[in-house]
*Asks:* 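Let me begin by handing over the structure; questions about it come next.
Just follow the structure's listing: the first ligand is 1, and inside any ligand the first atom is 1.
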Amino acid sequence: MTARHLVLVGLMGVGKTTVGRLCATRLGRSFVDTDELVVAAGGKAVSEIFEQDGEDAFRGLERAAVAEACAAPDPSVIACGGGAVLDPDNRTALRETGFVVWLDAPAEALADRLGRDDSRPLLAGGDRTATLTRLADGRAAAYDAAADVRIETEGRPAADVADVVLEVYAP
Ligand code: S3P
């Protein structure tokens, strides 16, 4: 049997891209970020897609990006945009082709990590910790349904999180 992709899901700022790149290097695999596929397909930044075309358009591009990443014949490391697992088709595709790891951290820690980064349209304006808390509450069931395993990342450097991910990963 071909090895499964290693898939990272979780909220914005939890470190999916950083940890994913580290895991990909250690596994000698390619790294795919669904947001990057969306930007390539949309021809503009995520924030511009949200602003000019709306969130539904973004989610459509994201669904295509997840399908493309999952369809890759060689096992890779896939970092999913934070909202990708809300779509049941995405969850099915990810679970069928991958081992799914939910990286988790409290909203306060995520808000700290994101600092003043303004590339996330869902966090524009307002209190970031409050928004992240609301997203975490609303999405917990979807992350849980998508994931094979959940890893708490608070206070752990990315390299340590990558160690834990690779320990639990069952290809
Ligand atoms: C989103 C997360 C972002 C990006 C978009 C929407 C979300 O990706 O896909 O801004 O709905 O949580 P990251 O989780 O990589 O920041």
*Asks:* Are Leu123 and Met12 side-chain neighbours, meaning at least one heavy-atom pair lies under 4.5 Å?
*Replies:*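 The answer is yes; the side chains approach within 4.5 Å.
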*Asks:* Going by heavy atoms in the side chains, are Arg95 and Cys70 under 4.5 Å from each other?
*Replies:*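 Arg95 does not reach Cys70 side chain to side chain.
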*Asks:* Could you tell me if Thr18 and Arg113 have a donor-acceptor pair between their side chains, going purely by distance under 3.5 Å?
*Replies:*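 The answer is no; no qualifying pair exists.
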*Asks:* Under 4.5 Å between any side-chain heavy atoms of Val100 and Arg91, yes or no?
*Replies:*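 Not in contact.
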*Asks:* If you round to the nearest 0.5 Å, how far is NE2 of His5 from OG of Ser76?
*Replies:*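 Here the interatomic distance stands at 4.5 Å.
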*Asks:* Compile the protein residues with any heavy atom at a distance under 4.0 Å from an atom of ligand 1; present them by chain, then by number.
*Replies:*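 Under the 4.0 Å cut-off, ligand 1 touches Met12, Lys16, Asp35, Val46, Phe58, Arg59, Glu62, Gly81, Gly82, Gly83, Arg120, Pro121, Leu122, Arg139.
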*Asks:* Salt bridge between Lys16 and Asp33, side-chain N to carboxylate O under 4.0 Å?
*Replies:*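 No, Lys16 and Asp33 are not salt-bridged.
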